[in-house]
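Notes follow the structure.
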Amino acid sequence: MTVGSIFLPDTPNSIIERGHREEAKRMLQKVRGTEHVDHEFQDLVQASEAASKVQQPWRNIFEPRYRPQLVICFLVPFFQQFTGINVIMFYAPVLFKTLGFGDDASLISSAISGVVNVVATLVSIFSVDKFGRRGLFLEGGIQMIICQIAVGALIGANFGVTGEGSFSKVEANLLLALICLYVAAFAWSWGPLGWLVPSEICPLEIRSAGQAINVSVNMLFTFIIAQGFLSMLCQMKFGLFFFFAGFVVAMTIFIFFFLPETKNVPIEEMNRVWKAHWFWGKYIPDEALIGEDP
């Protein structure tokens, strides 16, 4: 992270806020790959000027006009944790050992799922601007649902409610493959997009509050899931995977109906997207649309 930050350029927004408009315009031209950025640059300047007049981001984010951002900055990190991913990532060796894998096999299986997580995250980095946020969210959600139901059914068929049983070698390999597919689905959808989308939808005047809500909710439910998992596993056994699958169904439905596509939408023009949405449009006043043609 430290080495990467050396090569990380400033955004045009941050350069404008520091008063270097010509430098910001050059950066925007570099990002877009064209010199014809006058209209977008003017929108950035207007958005920055409007944001500089705002003094109370926490009070503002609770206004009706920011209802889409408030809801999504809360629900996306909440749902992200209730995919059950941290159950796998925190407790993979314990989980695999509980399911009959030996000590060495448990660690190796955990390492395999970790490698899958890294590789699939790279897939997201290179594909998110091609397939869009909604596409990855929906595909990842469907894949996670299928994998979680299959894992729950496989464990239930072999261990039942008593927790006694064992896997054959074929079944153990199938279980590992299903968990890896589940981890991959998360890593190219809800994993990175759970951080990307909230940062894309909050205008400058509420960004600090929106990001604070996003991070706080994420950390809070990370703690809750981590503390409660072992007790839930003991009580619910294979039903735990159905429990998380139910949440993934709910969150996939939420994305389908309530999250518009944000690919290639400048942050200062997000209000146009909300205004055109079937549900959120009623919260966005006409004067919130920056850069409207007269």
Side-chain angles (χ1 to χ4, degrees), residues 8-18 24 27-28 31-32 40-81 124-125 128-129 132-134 136-137 189-222 251 254-255 257-292:
L8 186 67
D10 289 323
T11 65
N13 271 326
S14 67
I15 299 173
I16 290 173
E17 288 182 341
R18 297 198 301 272
M27 178 59 70
L28 184 61
V31 170
R32 299 305 182 201
E40 182 178 354
F41 180 71
Q42 187 59 36
D43 284 347
L44 286 174
V45 172
Q46 291 179 11
S48 180
E49 291 173 348
S52 66
K53 299 175 183 178
V54 177
Q55 303 299 323
Q56 300 292 335
W58 280 102
R59 183 176 63 189
N60 292 334
I61 200 170
F62 289 99
E63 294 179 2
R65 66 190 293 172
Y66 299 117
R67 192 61 43 80
Q69 291 91 339
L70 176 62
V71 171
I72 289 174
C73 283
F74 181 88
L75 285 184
V76 165
F78 169 81
F79 281 140
Q80 185 189 54
Q81 295 311 307
S124 180
I125 291 173
V128 67
D129 286 328
R133 284 69 166 147
R134 275 173 55 88
L136 290 180
F137 265 132
S189 61
W190 280 88
L193 298 184
W195 297 102
L196 174 63
V197 170
S199 71
E200 288 184 325
I201 65 174
C202 290
L204 298 176
E205 61 266 26
I206 62 164
R207 183 179 293 181
S208 59
Q211 287 299 93
I213 291 171
N214 181 42
V215 174
S216 298
V217 171
N218 189 293
M219 294 298 103
L220 173 63
F221 285 98
T222 297
M251 55 207 265
F254 173 80
I255 292 297
F257 286 107
F258 295 103
L259 182 69
E261 180 56 67
T262 61
K263 181 182 71 172
N264 295 330
V265 179
I267 194 169
E268 69 278 1
E269 294 187 8
M270 271 304 302
N271 277 334
R272 299 174 187 268
V273 177
W274 299 123
K275 188 66 175 177
H277 191 266
W278 71 273
F279 181 80
W280 300 120
K282 61 187 177 184
Y283 294 102
I284 310 301
D286 292 338
E287 60 269 23
L289 304 181
I290 295 176
E292 280 287 342

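Quick note: residue numbers are just sequence positions, from 1.
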Legend entry - Shortest non-hydrogen separation from Asp129 to Lys263 and the atoms involved: O-CD, 3.0 Å
Inset, instruction - Can you label the angle between the Phe254 ring and the Phe79 ring as parallel, tilted or perpendicular, going by 30° and 60°? - result: tilted
Legend entry - Residue pair Pro12 / Ala24: nearest heavy atoms and the distance that separates them: O-CB, 3.7 Å
Inset, instruction - Classify the ring geometry between Trp280 and Tyr283 as parallel (under 30°), tilted (30 to 60°) or perpendicular (over 60°). - result: tilted
Inset, instruction - For residues Ile267 and Cys202, report the shortest heavy-atom separation together with the two atoms involved. - result: CD1-O, 2.7 Å
Legend entry - Minimal non-hydrogen separation, Ile72 against Pro77, with atom names: O-CD, 3.8 Å
Inset, instruction - State, with a plain yes or no, whether a side-chain heavy atom of Asp10 is found less than 4.5 Å away from one of Arg18. - result: yes
Legend entry - Closest heavy-atom pair and its distance - Leu28, Glu40: CD1-OE2, 3.7 Å
Inset, instruction - Kindly indicate, with the supporting measurements, whether the criterion ring-ring contact (aromatic ring centres under 6.0 Å, His included) is fulfilled by Phe257 and Phe279. - result: CA-CA 9 Å; Phe257 286 107; Phe279 181 80; over 10 Å; no
Legend entry - Check: Gln56 main-chain N/O paired with Asn60 side-chain donor or acceptor under 3.5 Å: yes
Legend entry - Close side-chain approach of Trp190 and Trp195, heavy atoms under 4.5 Å: no
Inset, instruction - Check whether any side-chain N or O of Thr262 sits under 3.5 Å from a backbone N or O of Val265 as a donor-acceptor pair, and report yes or no. - result: no
Legend entry - Least distance between heavy atoms, Gln69 atom then Asn271 atom: NE2-OD1, 4.2 Å
Inset, instruction - Mind checking the CD-CD1 spacing from Gln211 to Ile206? Nearest 0.5 Å is all I need. - result: 10.0 Å
Legend entry - Verdict with supporting geometry, Glu17 and Ser48, side chain to side chain donor-acceptor pair (under 3.5 Å): CA-CA 7 Å; Glu17 288 182 341; Ser48 180; 4.8 Å; no
